[in-house]
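Structure first, commentary second.
Each chain gets a letter, A, B and so on, in the order its sequence line appears, and its residues count up from 1.
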Protein chains: 2
Amino acid sequence: MSSTTGTLRVAVIDRDGAFLKVLGNRLDAAGWQHRILGGLVPVEELVAMKINAIVLDMSVLPPEEAWPFLERVCGMLPGLGVIVCTNESTVAQRVRGLRLGADDWVGKPCHPEEVMARIEAVVRRRRRQSGGREERGPLVVGELEIRADQYQAFVSGRSGDLTRREFELLQALADAQGSVIERGEIYRRVWGYEMAHGDRSVDVFIRKLRIKLEQLSPSWSYIHTHFGIGYRFDPEPVDPSAEAAPSAAAVDAGEDAEATTVERELEPTDA
Amino acid sequence: MSSTTGTLRVAVIDRDGAFLKVLGNRLDAAGWQHRILGGLVPVEELVAMKINAIVLDMSVLPPEEAWPFLERVCGMLPGLGVIVCTNESTVAQRVRGLRLGADDWVGKPCHPEEVMARIEAVVRRRRRQSGGREERGPLVVGELEIRADQYQAFVSGRSGDLTRREFELLQALADAQGSVIERGEIYRRVWGYEMAHGDRSVDVFIRKLRIKLEQLSPSWSYIHTHFGIGYRFDPEPVDPSAEAAPSAAAVDAGEDAEATTVERELEPTDA
DNA sequence: CCGCCCGGTAACCGGATTTTCACAAGCCCG
DNA sequence: CGGGCTTGTGAAAATCCGGTTACCGGGCGG
């Protein structure tokens, strides 16, 4: 379950040193990003933080501000998971908090692991209902537009006709923005399990993808090979002068001009 | 806040008479429909009940069945709010339950009002993203008019004679406006629970729907297949010329010739 | 009790996609 | 400059997928 959660961004509004310390450690251990806030924070700041959830101790807020703050937060950030984690409380207070929009209410003292499990539960539910993918705006790199909601890449509205695997591969590469990924890692991310020794699937799909990307956007080069390591995704304009002459020689040596991608402007050179 | 909740359907699996009585009263008072279940219930039955949330006392289940049951319920009904409400429990148990998919875990004794507030909180998370469109006006796409209040689609007043499932499928597709939806997601939205591996129901109903939509509005194409992924709903006028004269298509291929792969062996054809 | 409607399942088929192979081409290092 | 290992290529072989049709069984109204 937790594996599906991925990395979360959490804000904690509290002042209880011991609790903060131990919770902080756990959050770090889980790889979640977190930020401690000492008290009342403008809601706009929370918005800017792009967090998935907030853990709030009502008692650190000035009493007359606590409820309005909770209401404001829940109202302004409907997608945010709100877990109130506070000392003793009455049923009425808990009901009030939950009705105001809090997602959960835990009494202190509480185990940080449970707090995290509750955060997960809250975020999980929120994500599920959104159908999994929604806030993933189209990613634009070079001339390419990668649209997760379409499982497809486009250039000026033109579809790349990528198959599912090709698209997932593209996405995995693009997600790494600029860094080299090893084959094994690519395989794990796209295929979902460990690559068998000697499997060339990644290479083959890299090729298919390159072909389709070049058809789509011939003046850019997107996938770069790192010998002995893997591949790197990085859009860069291709330099036309460099390859015009040499490539022409290589190509016309063979016979299969049409089989591969395109008849470029290698023509001009010798024609 | 509670005003937005509307009427909910809740199942309670418990045997604590006093608790059931007082909770039942509150549920009635709130106008929520509820059903008391004495113990282990086949998940299929829960599916058929179309409930929004379930309140579960783990201790009424045989100990070796409790966790698997919780897991099964959460796995099969991802949209269902699951509130575990049980006697004493350890942190580890609560964490386990929450990680297994439970949305909340309350210890007994607890105030029924709080249980209800927690149900609301859980269900609220669920509805938020889905847009809570109750008063969905007739949706018009292409020639089609989708009327939720009639469970039916029309073209210039003529009914499509869609069955309930067909209509729900259409609606689910249309709600996604333009995005590709995976089969599993479609199934989840229309059937309400997790699709079993190898289930072809979606495909078959897509076909039935396509047939009826085509009868209704032959000059439009609404449902598009995305191989290996799912379907996309997007009304577009069908191109009559395309199929009328296939030979013509080949000739005028000039426009998108390079868009698709097209390894054209230019010479063989007429040479 | 009969038949029809509707949802759901099984199976077949053709086409799309993925995997696997064999070999050519490249890169690195000594 | 040559060998050894890595990557690019092309295509065949193996799978996977979706379209379609037939059929089964429950619910319902006559």
Side-chain angles (χ1 to χ4, degrees), chain A residues 151-152 159-170 180-184 186-187 190-214 221 223-232 243 246-247 249-251 253-262, chain B residues 44 47-48 50 151-152 159-170 173 180-184 186-187 190-214 221 223-232 260-263 265:
Chain A
Y151 293 84
Q152 194 57 247
S159 159
D161 282 317
L162 305 185
T163 69
R164 186 195 183 97
R165 273 258 146 71
E166 288 160 1
F167 176 77
E168 284 171 347
L169 174 59
L170 172 62
V180 183
I181 324 182
E182 287 180 62
R183 279 187 179 61
I186 292 175
Y187 197 91
V190 174
W191 275 259
Y193 53 98
E194 212 56 39
M195 183 173 74
H197 176 67
D199 192 322
R200 303 287 310 284
S201 303
V202 173
D203 303 65
V204 174
F205 272 88
I206 286 281
R207 170 152 188 281
K208 293 180 180 174
L209 190 48
R210 275 174 166 158
I211 290 175
K212 292 192 178 178
L213 290 184
E214 190 182 343
S221 157
I223 302 174
H224 312 280
T225 305
H226 283 240
F227 196 96
I229 307 177
Y231 298 95
R232 175 173 54 87
E243 42 192 315
S247 68
V251 171
E255 30 31 49
D256 57 0
E258 51 3 53
T260 51
T261 54
V262 261
Chain B
E44 295 70 39
V47 170
K50 297 199 190 301
Y151 278 74
Q152 195 55 249
S159 158
D161 281 317
L162 304 185
T163 70
R164 181 195 178 86
R165 275 271 193 263
E166 288 160 0
F167 177 77
E168 285 173 345
L169 174 58
L170 172 61
L173 289 166
V180 182
I181 324 183
E182 287 181 85
R183 280 187 177 62
I186 293 175
Y187 195 90
V190 174
W191 276 258
Y193 53 101
E194 214 54 44
M195 183 174 76
H197 177 66
D199 192 321
R200 304 286 310 281
S201 306
V202 172
D203 303 63
V204 175
F205 273 87
I206 286 280
R207 164 138 212 283
K208 294 177 179 173
L209 189 49
R210 274 174 167 161
I211 290 176
K212 293 192 179 177
L213 290 184
E214 190 181 343
S221 157
I223 302 175
H224 311 279
T225 305
H226 283 238
F227 199 100
I229 304 171
Y231 298 94
R232 175 173 54 88
T260 46
T261 333
V262 240
E263 37 288 305
E265 48 293 2

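OP1 and OP2 of D/dT6 both lie 4.0 Å or more from every side-chain N or O belonging to A/T225. Phosphate proximity of D/dG19 to B/Y231: present, with a side-chain N or O under 4.0 Å from OP1 or OP2. Phosphate proximity of D/dT7 to A/R207: absent, as no side-chain N or O sits under 4.0 Å from OP1 or OP2. Between B/R210 and the phosphate of D/dT20, there is no side-chain N or O to OP1/OP2 separation shorter than 4.0 Å. Between A/R183 and the phosphate of D/dT7, there is a side-chain N or O to OP1/OP2 separation shorter than 4.0 Å.
Summarising the geometry of B/L170 relative to B/L213, their closest heavy-atom pair is CD1-CD1, 4.3 Å, with the distance given to 0.1 Å.
A/I181 has its CD1 atom 17 Å from the C1' atom of D/dT7, to the nearest Å. When the C1' atom of C/dG7 is taken as reference, atom CD of B/E168 falls 12 Å away, rounded to whole Å. Rounded to an integer number of Å, the gap from CG of B/L162 to P of C/dG7 is 10 Å. Between the OH atom of B/Y151 and the C1' atom of C/dC6 there is a distance of 17 Å, given to the nearest Å. When the P atom of C/dT17 is taken as reference, atom CD of A/Q152 falls 11 Å away, rounded to whole Å. Atoms CG (B/L209) and P (D/dT20) sit 13 Å apart, rounded to a whole Å. For B/I206 and D/dT21, the CD1 to C1' distance is 17 Å, given to the nearest whole Å. In this structure, CG of A/D203 is placed 15 Å from C1' of C/dA22, rounded to the nearest angstrom.
Residue A/F227 places its side chain closer to D/dT7 than to any other of C/dC6, D/dG18, D/dT7.
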Distances under 3.5 Å between protein N/O atoms and the N/O atoms of nucleotides 8-11 of chain C, please, pair by pair.
{"residue": "C/dG8", "atom": "OP1", "partner": "B/R165", "partner atom": "NH2", "Å": "2.9"}
{"residue": "C/dG8", "atom": "OP1", "partner": "B/W191", "partner atom": "NE1", "Å": "3.4"}
{"residue": "C/dG8", "atom": "OP2", "partner": "B/R165", "partner atom": "NE", "Å": "2.8"}
{"residue": "C/dG8", "atom": "OP2", "partner": "B/W191", "partner atom": "NE1", "Å": "2.8"}
{"residue": "C/dT9", "atom": "OP2", "partner": "B/S201", "partner atom": "OG", "Å": "3.2"}

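A residue-by-residue look at A/E166 and B/T163 shows that B/T163 has its nearest nucleotide of DNA chain C further toward the 5' end.
B/I211 comes within 4.0 angstrom of no nucleic acid atom, judged by non-hydrogen atoms across all strands. Among the atoms of the strands shown, none is found under 4.0 Å from any heavy atom of A/L169.
No option in A/Q152, A/K212, A/K208 other than A/K212 meets the side-chain hydrogen bond (donor to acceptor under 3.5 Å, both in side chains) test with A/E166.
A tilted orientation is assigned to the rings of B/F167 and B/Y151, their planes being inclined by 30° to 60°.
Here the side chain of B/T225 pairs no donor or acceptor atom with the backbone of B/F227 at under 3.5 angstrom.
By the 4.5 Å heavy-atom criterion applied to side chains, B/R165 and B/W191 are counted as neighbours.
Residues A/D203 and A/R183 are paired through a salt bridge, judged by an N-O separation under 4.0 Å between the basic side chain and the carboxylate. Taking 4.0 Å as the cut-off between side-chain N and carboxylate O, B/E214 and B/R210 do not count as a salt-bridged pair.
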